[in-house]
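Following: one structure in structure tokens, then a few remarks.
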Amino acid sequence: DSPHQRHGRRLGGTSDKSPKKQKQKKKQDKQNKNKKKKKSAQATATSTTPKTPLSVLALGGSVTYGAMLPNPAKQSYPYLLSPPHWVDNLAIRATGADYPSKCIESMIGDKKYDVILLEFTLNGTPGLDLLLKRLRKRFPHAIFLYVHLYSLCIETRDESGKSPFERGDRDDSVKYYWNAKKRATDDFLERVVRKLITGVGGHVYEFP
């Protein structure tokens with residue numbers, strides 16, 4: 001063969017890739033892309049994860065306490081925060097903010113906290129103002145987060161428009177419907193809670 005013919009065959013061999021090789025290349029490119037995405041996600045998670053666990057204080061009522069859970073000391077929501085943190089769940093069942101507002105010093109002793117969770121919508125917020133002032137004075141750099149809950153006993157209605165709470169009974173034969181209007185506890189949140197929480201530089205977490 002002439003040099004020109006040999007050169008032509010080499011060019012043809014270089015450009016003529018079989019479907020099998022093209023498929024393998026696409027598969028390899030996809031794998032490489034997925035690896036890069038995974039590394040990027042891991043790097044982001046590492047950069048946003050605290051290097052040391054945070055110290056968390058949880059105050060509230062039955063929900064924060066973990067009422068009806070088999071093991072509240074492990075299953076209540078403050079203990080499920082990720083990544084694992086040091087948690088003191090001092091919530092008291094059927095108790096509002098009034099009790100901790102007066103006894104918070106004896107409840108926490110000389111401990112220090114980075115994050116303070118509060119939940120008193122269902123059990124009453126009288127005393128919340130005093131509680132927040134005492135906590136903020138004690139922990140000027142802590143993050144305050146109010147967990148705003150709502151109860152199905154308040155937010156559902158029967159056919160006459162009454163909630164289970166207003167009916168005052170536990171009749172299982174009654175059909176209840178989700179209240180499509182603005183939730184009653186939302187108004188309470190706007191009138192009372194949000195102003196107090198933001199007043200100490202805190203934040204509100206609302207469920208959908």
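Because the structure is predicted, anything quoted here is derived from the model rather than measured.
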To the nearest 0.5 Å, how far apart are [atom1] in [X] and [atom2] in [Y]?
X      : Y      : atom1 : atom2 : answer
Asn123 : Asp98  : CG    : CG    : 12.0 Å
Phe139 : Lys112 : CZ    : NZ    : 9.5 Å
Leu59  : Leu131 : CG    : CG    : 6.0 Å

Closest heavy-atom pair and its distance - [X], [Y]:
X      : Y      : value
Lys74  : Leu80  : O-CD2, 3.6 Å
Ser101 : Gly127 : CB-O, 3.2 Å
Ala67  : Arg93  : CB-NE, 3.8 Å
Ala94  : Ser62  : N-OG, 3.4 Å
Tyr177 : Glu159 : OH-OE2, 3.7 Å
Asn89  : Ser76  : ND2-OG, 3.2 Å

Taking the side chain from [X] and the backbone from [Y], do they hold a donor-acceptor pair closer than 3.5 Å?
X      : Y      : result
Asp158 : Lys162 : yes
Glu119 : Gly61  : yes
Asp114 : Ser55  : yes
Ser163 : Glu166 : yes
Tyr146 : Phe120 : yes

Under a 4.5 Å side-chain heavy-atom rule over Ile, Leu, Val, Met, Phe, Trp and Tyr, are [X] and [Y] clustered together?
X      : Y      : result
Val200 : Leu130 : no
Met68  : Ile92  : no
Tyr99  : Val192 : yes
Leu149 : Leu81  : yes
Leu117 : Tyr205 : yes

Note, [X] side chain near [Y] side chain (heavy atom, < 4.5 Å):
X      : Y      : value
Trp86  : Leu54  : no
Thr156 : Pro164 : yes
Leu118 : Leu132 : yes
Leu135 : Ile104 : yes
Pro78  : Thr64  : yes
Tyr65  : Thr95  : no
Val174 : Arg167 : yes
Asp88  : Met107 : no

Answer yes or no: is there an ion pair linking Glu105 with Arg134, defined by an N-O contact shorter than 4.0 Å?
->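 Between Arg134 and Glu105 there is a salt bridge, with a charged N closer than 4.0 Å to a carboxylate O.
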
Stepwise side chain to side chain contact (heavy atoms under 4.5 Å, CB included) test for Leu57 and Val87 | CA-CA 6 Å; Leu57 169 64; Val87 176; over 6 Å; no

Mind running side chain to side chain contact (heavy atoms under 4.5 Å, CB included) on His85 and Val115 for me, showing each step along the way?
-> CA-CA 10 Å; His85 300 294; Val115 179; over 6 Å; no

Would you check, one step at a time, whether the test side chain to side chain contact (heavy atoms under 4.5 Å, CB included) holds for Arg194 with Leu196?
-> CA-CA 5 Å; Arg194 194 180 299 279; Leu196 293 176; over 6 Å; no

Regarding Arg136 and the six-membered ring of Phe144, is the cationic atom NZ or CZ under 6.0 Å from the ring centre and inside 45° of its axis?
->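 Judged by the rule (NZ or CZ under 6.0 Å from the ring centre, within 45° of its axis), Arg136 counts as positioned above Phe144.
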
Does OH in Tyr176 sit with more than 12 non-hydrogen atoms of other residues, nucleotides or ligands closer than 6.0 Å?
->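 Yes.
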
